[in-house]
Amino acid sequence: MIRDIALGQYIPGDSVIHRMDPRVKIVLIFLFIVFLFVAQNFVSLLLLVVSVAVTMLFSGISLRHYLRSVKAILFIVLFTSVLNLFYGGGETLLKIGFMEIKSGGVSNAIFIAVRIVSLILLSAVLTFTTSPTSLTDAIERLMKPLKVFHVKVHEIAMMMTIALRFVPTLLEETDKIMSAQKARGADMESGGLVQRAKALLPILIPLFVSSFRRAYDLAMAMECRCYHGGEGRTKLKVLRAGKRDAFAAVLVVLVCAGVVVSNIFLPGALS
Amino acid sequence: MSENGFISAKDVVFAYEPEEGQTPRNVLEGVSMEIRRGEFVALLGHNGSGKSTMAKMFNAMLLPTGGKVFVEGMDTVDDAIVFEIRRRVGLVLQNPDNQLVASVVEEDVAFGPENLGVPPEEIRRRVDEALRAVGMYDFRLNAPYKLSGGQKQRIAIAGIIAMEPDCIVLDEPTAMLDPQGRTEVLETIHRLNEEKGITIVLITHYMDEAVQAGRVIVMDGGHILMTGDPREVFSQVELLKQHQLDVPQATELTHRLRGMGFPMPCTLTAEECVEALAAYLPPVG
Amino acid sequence: MAVIELKNLTYTYGEGTPFCRTAVDNVSLSIEKGELIGVIGHTGSGKSTLIQTLNGLLRPTSGQVLLNGKDIWAEPKKIRQVRFQVGMVFQYPEYQLFEETVLKDIAFGPGNMGLTPEEAIERAKKAAAFVGLSEDFYEKSPFELSGGEKRRVAIAGVIAMDPDVLILDEPTAGLDPRGRDVLLSQIIGYHKVRGNTVLLVSHSMEDVARIADRILVMNSSHAAMFGPTREIFARGAELEQMGLRVPQITKILASLRERGWPVGTALTMEEAVRELLPLLEKGGVRA
């Protein structure tokens, strides 16, 4: 079901995290991710891992979904960790031929693995619990100050909304065009690189043409519904940060403070 | 003339910008028509007859190159009131996939009122009401791409209703739908017309849809060919056939028999036709 | 001899996942060479899935598709050959056009068959003639044509492969009455001249009634009925239960028959008049 991948990854629910203001969610998760890289010793890392686990628990989403998103990047995690094994100082633990694994390398490998996995899990919490529209909406509002620098905030958010809306439609269309060209004997599986690239034309050209047609239709439909840019626009959903959001912010700040304190008072584990 | 009609078009001429080296060709050649408040009008014709161009005149998506179009007395060429006109006259297009903006049904329906600057609580009320009016309230949190064609088209209609228009113009809204989707959409617009008094202009090439309208306007080659209630229009079977337009089979059957000398009335539906025949056939037995 | 034979054909989407759905369930039937078959059924009845198994775009979950007596999946590597023998025109086929000129686009299929460019162009010209595209169209860009013309180019693109079986999924969808009539008569003409097998999937009962020899009715993944057009449309009540209808003219005569008048099943206007005329004359009301 290729189309389901594209629908963002939103899993509807009613958990505390689902109900948080998406703006606050984005900011806090960003803060969290930054501190994953600030943490320099195992105590602070453990503190962060526990916090990530607690966040996941409160999202009310089954572990299965999280595991699936980690599985997708497992190879990258393993690859970078293994590479990191060979860097760093400390005492030699193992010697294979000319390669040495030192204690510093092991900590490096653990740190990098935990950081990447936590980063993925945190972004998963955000995308699982926030609908694509709330996400773009939140981003639009968070970026509002950039208007001072003539950044077209509303237009960017509208583009994101429309892109999200049309990804499944275009994927379905790609599927249809592929079937149609296969029925005309198009061969997409054999041949060298050049031949394969050429075999894509019968799919890409119709897809392009149809995207333009859709864009034209959509522009007309939007005009019919009185669209005239972000000026004077109101919103169905008003974002309101409440007690829940304040509480979450306090918790995250406490965790971050903990990381800073342990960085100052405990020796670093990285080399 | 502009005082009587809710929408009135006067001698409308229109030509698209010609490509280089080509002479402009008129798509509309002096069309005058009037749509009264609360009417259900079917605008019938082939592709290229000018019917879709006419539809876009009604909400100032296109402006006449000659003649005038008035919506409640407002001239559509007046740039200052263009949103005022589009709010009153909503346009639903053919392809249901290409007119939905948001990935969640209710947010799509909210798009129009959001553009109009309606306050959030009022948008919520309008969205819920519009979705109930098209029978899609239970789907308000769904993603549009998972819905059927008929459902998507009803969402598009709800998106227009949420702007609280006086009139909805639908440009071949059923051309891409299966029979069930067609029935859903037609029932919806008939209900809106009857219960909410919304003026409907239905552009179509399906005769069975035109038969259900209050008034039919047939266009061909940029002109109006005929206008009248369905019975007046469809009784002119020869003229319609000359222009390669369809006639309901019931109408054609009674017409043929009349041509053979049997005094049949003009019928529009299967039921009418059966009754008409039953009156003339010898008693059973 | 049967050109296509289905043996216990079943197709399940997403097999082995919690979302699996059987779209075609244990269908067995055979289609003779030279027949024109109408395929009807409401959306979701399984008809689209069924036709896609016929040219190997979908591989059956179980059961067999025999083409001229041979299982099309006997040698999976040669499935492309099957697609040349069973041509498929999808819904809204104009969206598959991509070449610079009409003629090149029509020649895409024949080119894939391994014909020389000259042979492919020859085939393309013949196919263009079947759908009424004159020489003036050959060098035009397909993107500058009208909707109806594009559709005919796309259909020619499949006809040009000269398939033994031609499957058309809703070929007249979205066309106006004039475009629809022209296209249908071209399909009938092609069928008569070539004498090959044609499967026409349609929501328009009037069209199917007019041109099909036999009708396959799909309903909730099963082949609910398969028989001569007249027999199928005589079962109006059953069709209505499946969310289908019969042509209006057929319905009118069926109602009269129910009320006791001795009239047969009519599929076309001419047949209806023929059935009614003797009765009306007996009634003696002619003015």
Between A:Leu207 and C:Phe98, is there a side-chain heavy-atom distance shorter than 4.5 Å? no

List in chain and number order the residues that pass salt bridge (charged side-chain N to carboxylate O under 4.0 Å, His left out) with A:Lys235, two or more places apart in sequence or in another chain; answer none if no residue qualifies. A:Asp137, A:Glu140

With only heavy atoms counted, which part of C:Met161 is less than 4.5 Å from chain A, the side chain, the backbone, both or neither? side chain

All side chain to side chain contact (heavy atoms under 4.5 Å, CB included) counterparts of A:Met143, not counting sequence neighbours: A:Ile139, A:Leu146, A:Val153, A:Ile156

Residues which pass ring pair (Phe, Tyr, Trp, His ring centres under 6.0 Å) with C:Phe84, listed by chain and number, not counting sequence neighbours: none

Let me see the donor-acceptor pairs closer than 3.5 Å between chain A and chain C, or none if nothing turns up.
residue, atom, partner, partner atom, Å
A:Gln181, NE2, C:Gln96, O, 2.9
A:Arg184, O, C:Asn112, ND2, 3.0
A:Arg184, NH1, C:Asp105, O, 2.9
A:Arg184, NH1, C:Asp105, OD1, 3.1
A:Arg184, NH2, C:Asp105, OD1, 3.1
A:Gly185, O, C:Arg80, NH1, 2.4

